[in-house]
Amino acid sequence: MSLAKKALEQGEGILRLAPIWVPRSFCVPGRRIKLHPDDYYVLGGQRGGIDERWLSSTTPAQNGPLTGKNEGLSPVVFQDGDEEKQFLLKDAIEELKGEIIGDRIWDEYESWPMYSKFFDNMGPLPHHIHHNDEHAALIGQKGKPEAYYFPPQLNNHGGDFPYTFFGIAPGTTKEQIRECLVNFTKGDNKITNFSQAFRLEPGTGWDVPPGMLHAPGSMCTYEPQKASDVFAMYQSLVNEAIIPEELLWNGTPKDRMGDFDQLMEVIDWELNVNPNLLETRFMNPKPVGDLEEMKAKGYIENWVCYRSEAFSAKELTVFPGQTVTITDQAAYGLIVMQGHGKMGVWDIETPALIRYGQLTNDEFFVSEKTAMAGVKIVNPSKTDPIVMLKHFGPNNPDLTL
């Protein structure tokens with residue numbers, strides 16, 4: 001029997017995952033993702049600080065020539081007798097296919113087509129864009145819709161700039177944006193002059209389709225997204241840091257390097273100039289069912305990311321002293337945000353501090369079969385709720401909002 005098969009059977013359909021940390025050379029860590037203070041620059045100055053933890057990822061990080069082996073790929077942790085072994089979630093899914101992620105997703109995608117992450121920046125990110133499937137295919141990648149949720153547990157402070165720019169202000173012309181791109185190497189290209197910013201609130205979120213310009217603010221963010229790492233930076237100066245020109249052309253096919261019209265084509269203009277971004281892209285949590293019925297059973301579960309067909313996410317809170325069984329109609333990854341207890345055969349707990357390379361009991365992947373049968377969660381605490389975030393693949397059958 002293979003390691004993947006053994007792990008799935010011994011976990012009774014739930015796989016334990018190891019933390020995966022990803023640096024970004026153009027970011028300063030916000031130090032809210034529980035990594036030990038000595039480890040944020042453990043990969044060396046050239047790699048930059050670690051400001052991301054990737055969750056349930058079968059997607060390799062696209063992080064330049066210094067990218068480490070298997071960077072961004074989640075390992076499964078398996079106790080094989082006296083020996084602790086690790087193998088990639090990606091390899092396990094490729095071997096067991098629908099037995100892990102369900103035949104519905106495997107038959108259509110032949111992969112786990114999403115992942116989530118925490119990104120944790122002290123300052124704002126540059127105004128940038130993710131390509132749609134058509135443009136990403138030109139460089140051999142997939143398009144990237146994404147969404148944000150700001151977990152209260154990781155936002156004891158908002159960082160330097162807890163505001164996010166979205167889109168392009170109505171009335172802006174394409175010529176004005178193109179001029180900003182042409183001026184990228186001349187200092188501050190001032191592209192956010194033509195955008196609008198929104199204050200970020202813990203416990204809420206935003207939906208960001210491909211083709212939409214956005215400059216994420218400095219709150220620690222839970223970010224479900226399609227399985228892709230394609231992007232291009234359209235802002236040349238942010239928080240007094242110069243953005244390398246190579247990142248402007250990051251998603252551009254070789255035969256169109258230097259072509260500013262190609263950069264403009266990536267922008268979904270109507271999406272960006274929509275005057276109703278608050279109405280169409282903002283996300284307040286929405287209960288998955290009748291609120292009073294859930295409370296009576298000892299828990300509350302909310303949709304926190306629900307505007308994209310490519311993924312969705314829930315926040316589950318199990319009250320102190322309660323035992324609940326939660327069913328879902330699709331496979332999912334999860335990260336425990338608060339509390340401790342039991343989930344199926346696993347002990348679960350939320351670490352306060354994690355060393356680079358240290359294993360944890362806060363991240364898991366639940367197979368579709370087990371999700372549909374129901375996952376039993378026991379909260380032994382008299383005071384502390386168990387809170388977890390659950391990330392799902394495309395077209396979640398439970399999502400009927």
Side-chain angles (χ1 to χ4, degrees), residues 11-14 55-56 101-102 104-105 114 116 147-155 201-207 222 224 279 282-350 362-401:
E12 296 186 0
I14 302 176
L55 308 168
S56 301
I101 62 175
R104 176 182 64 87
I105 289 182
M114 67 84 63
S116 194
Y148 306 150
Y149 177 68
F150 311 112
Q153 295 86 354
L154 298 183
N155 280 293
E201 291 289 338
T204 69
W206 289 83
D207 179 62
Y222 169 73
E279 177 186 357
F282 179 71
M283 293 182 293
N284 257 322
K286 294 188 176 183
V288 304
D290 183 88
L291 196 57
E292 294 307 315
E293 286 183 11
M294 286 191 289
K295 287 180 179 179
K297 293 177 180 178
Y299 73 96
I300 293 177
E301 191 166 42
N302 289 317
W303 293 106
V304 293
C305 297
Y306 48 78
R307 292 190 182 275
S308 175
E309 293 183 354
F311 52 79
S312 56
K314 296 177 179 180
E315 181 184 65
L316 171 65
T317 301
V318 179
F319 300 153
Q322 297 295 311
T323 296
V324 302
T325 298
I326 305 296
T327 59
D328 288 281
Q329 299 303 304
Y332 59 92
L334 69 91
I335 180 74
V336 184
M337 303 299 297
Q338 184 175 343
H340 72 281
K342 197 89 173 176
M343 180 180 66
V345 301
W346 294 103
D347 294 321
I348 59 174
E349 59 191 12
T350 312
D362 66 344
E363 186 181 355
F364 298 87
F365 194 95
V366 179
S367 68
E368 182 187 78
K369 181 180 178 181
T370 298
M372 294 176 73
V375 175
K376 182 180 178 181
I377 301 170
V378 180
N379 185 354
S381 175
K382 295 181 179 179
T383 57
D384 202 18
I386 291 174
V387 181
M388 61 179 65
L389 296 172
K390 301 160 59 174
H391 22 279
F392 298 83
N395 299 307
N396 190 332
D398 286 324
L399 183 54
T400 57
L401 298 177

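This is a predicted model, so every value here is computed, not measured. Hydrogens, waters and symmetry mates are skipped; everything else that's a heavy atom, side chains included, is used.
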Legend entry - Summary of ring-ring contact (aromatic ring centres under 6.0 Å, His included) pairs that have at least one residue in residues 284-311, sequence neighbours excluded: none
For [X], give me all partners under salt bridge (Lys or Arg N to Asp or Glu O under 4.0 Å), at least two apart in sequence or on another chain.
X	value
Glu201	Arg199
Glu315	none
Lys342	Asp347

Give every donor-acceptor pair under 3.5 Å between a side-chain atom in residues 383-401 and any protein atom, sequence neighbours left out.
unit_1, atom_1, unit_2, atom_2, d
Asp384, OD1, Gln338, NE2, 2.9
Lys390, NZ, Glu301, OE2, 2.8
Lys390, NZ, Asp328, OD2, 2.8
His391, ND1, Tyr222, OH, 2.7
His391, NE2, Ser56, OG, 3.2
Asn396, OD1, Asp398, N, 3.0
Asn396, ND2, Ser312, OG, 3.2
Asp398, OD2, Gln329, N, 2.9

Restricting to side-chain hydrogen bond (donor to acceptor under 3.5 Å, both in side chains), what partner residues turn up for [X], sequence neighbours left out?
X	value
Ser308	none
Ser367	Thr370
Tyr332	none
Lys295	none

Inset, instruction - Kindly write out the residues that satisfy ring-ring contact (aromatic ring centres under 6.0 Å, His included) with Tyr149, not counting sequence neighbours, or none if the list is empty. - result: none
Inset, instruction - With sequence neighbours excluded, tell me which residues meet side-chain contact (heavy atoms from CB on, under 4.5 Å) with Asp290. - result: Glu292, Glu293
Legend entry - Partners passing side-chain contact (heavy atoms from CB on, under 4.5 Å) against Lys376 (at least two apart in sequence or in another chain): Thr323, Thr325, Val378
